[in-house]
Amino acid sequence: NQLGYKVIMWSKDTIDWRDSNKELIIKRATQNLTNGDLILMHPKEHTLLALSEILSYYINNGFNVVTVSQCIE
């Protein structure tokens with residue numbers, strides 16, 4: 001806290017570091033969403049392939065997509 005850091009925890013884990021199944025990542029990122037959810041995803045090729053569908057799902061279901069910094073302000 002003295003250094004200005006904040007602890008950020010996610011509320012949904014796509015487990016994309018382990019599972020490379022695009023459909024499974026999409027399911028984990030979109031299932032049972034609530035406002036303020038923080039979705040953990042890693043810079044993996046299969047996550048990138050799933051990302052546009054995940055973002056479309058969020059937008060089409062009335063969620064705003066923001067960065068962590070915007071969410072915790």
Side-chain angles (χ1 to χ4, degrees):
N1 194 33
Q2 292 175 332
L3 296 174
Y5 294 117
K6 294 184 181 198
V7 175
I8 306 296
M9 295 299 295
W10 57 89
S11 53
K12 294 207 173 294
D13 188 353
T14 60
I15 315 174
D16 58 346
W17 56 270
R18 183 189 70 192
D19 299 325
S20 60
N21 181 304
K22 174 186 158 187
E23 298 304 320
L24 185 55
I25 292 168
I26 292 169
K27 179 180 175 183
R28 288 179 180 150
T30 59
Q31 196 170 35
N32 301 318
L33 286 176
T34 58
N35 287 323
D37 273 340
L38 296 174
I39 316 300
L40 177 63
M41 291 187 258
H42 297 85
K44 302 292 221 170
E45 183 177 345
H46 48 272
T47 304
L48 178 59
L49 295 173
L51 188 58
S52 65
E53 288 183 52
I54 293 168
L55 293 174
S56 291
Y57 180 89
Y58 295 162
I59 293 165
N60 292 333
N61 285 278
F63 291 96
N64 292 323
V65 179
V66 298
T67 65
V68 171
S69 297
Q70 291 170 313
C71 189
I72 64 172
E73 288 180 342

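When a residue number appears, it is its place in the shown sequence, counting from 1.
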Query raised in the report: Does Ser20 have any side-chain hydrogen bond (donor to acceptor under 3.5 Å, both in side chains) partners at least two apart in sequence or in another chain, and if so, which?
Result: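 In terms of side-chain hydrogen bond (donor to acceptor under 3.5 Å, both in side chains), with neighbours along the sequence ignored, Ser20 is linked to no residue.
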
Query raised in the report: Thr34: what forms a side-chain hydrogen bond (donor to acceptor under 3.5 Å, both in side chains) with it, not counting sequence neighbours?
Result: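 Once residues adjacent in sequence are excluded, the partners of Thr34 under the side-chain hydrogen bond (donor to acceptor under 3.5 Å, both in side chains) criterion are Asp37.
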
Value rounded to 0.5 Å, distance of [atom1] in [X] from [atom2] in [Y]:
X: Ile54; Y: Ile59; atom1: CD1; atom2: CD1; value: 12.0 Å
X: Tyr57; Y: Lys27; atom1: OH; atom2: NZ; value: 12.0 Å
X: Ile26; Y: Leu49; atom1: CD1; atom2: CG; value: 9.0 Å
X: Asp16; Y: Ile39; atom1: CG; atom2: CD1; value: 11.5 Å
X: Asp19; Y: Arg28; atom1: CG; atom2: CZ; value: 4.5 Å

Using a 4.5 Å cut-off on heavy atoms from C-beta on, say whether the side chain of [Y] contacts that of [X].
X: Leu33; Y: Phe63; result: yes
X: Met41; Y: Leu51; result: yes
X: Ile25; Y: Lys44; result: no

Query raised in the report: Taking only residues two or more places apart in sequence or in another chain, which ones pass salt bridge (charged side-chain N to carboxylate O under 4.0 Å, His left out) with Lys22?
Result: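 Once residues adjacent in sequence are excluded, the partners of Lys22 under the salt bridge (charged side-chain N to carboxylate O under 4.0 Å, His left out) criterion are Glu53.
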
Query raised in the report: Any sub-3.5 Å donor-acceptor pair from Ser56's side-chain atoms to Ser52's backbone N or O?
Result: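 Looks like yes, one N/O pair under 3.5 Å.
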
**Report entry** Test side chain to side chain contact (heavy atoms under 4.5 Å, CB included) applied to Lys12 and Leu40, Leu38, Asn32, the passing residue
**Finding:**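 When side chain to side chain contact (heavy atoms under 4.5 Å, CB included) is applied between Lys12 and each of Leu40, Leu38, Asn32, only Asn32 qualifies.
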
Report task. Identify the heavy atoms of Cys71 and Gly36 that sit nearest to each other, and give their distance. Result ->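 Closest heavy-atom pair between Cys71 and Gly36: SG-O, 4.3 Å.
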
Query raised in the report: Hey, is CD on Glu45 packed in by over 12 heavy atoms from elsewhere, all under 6.0 Å?
Result: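 Count not over threshold, so no.
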
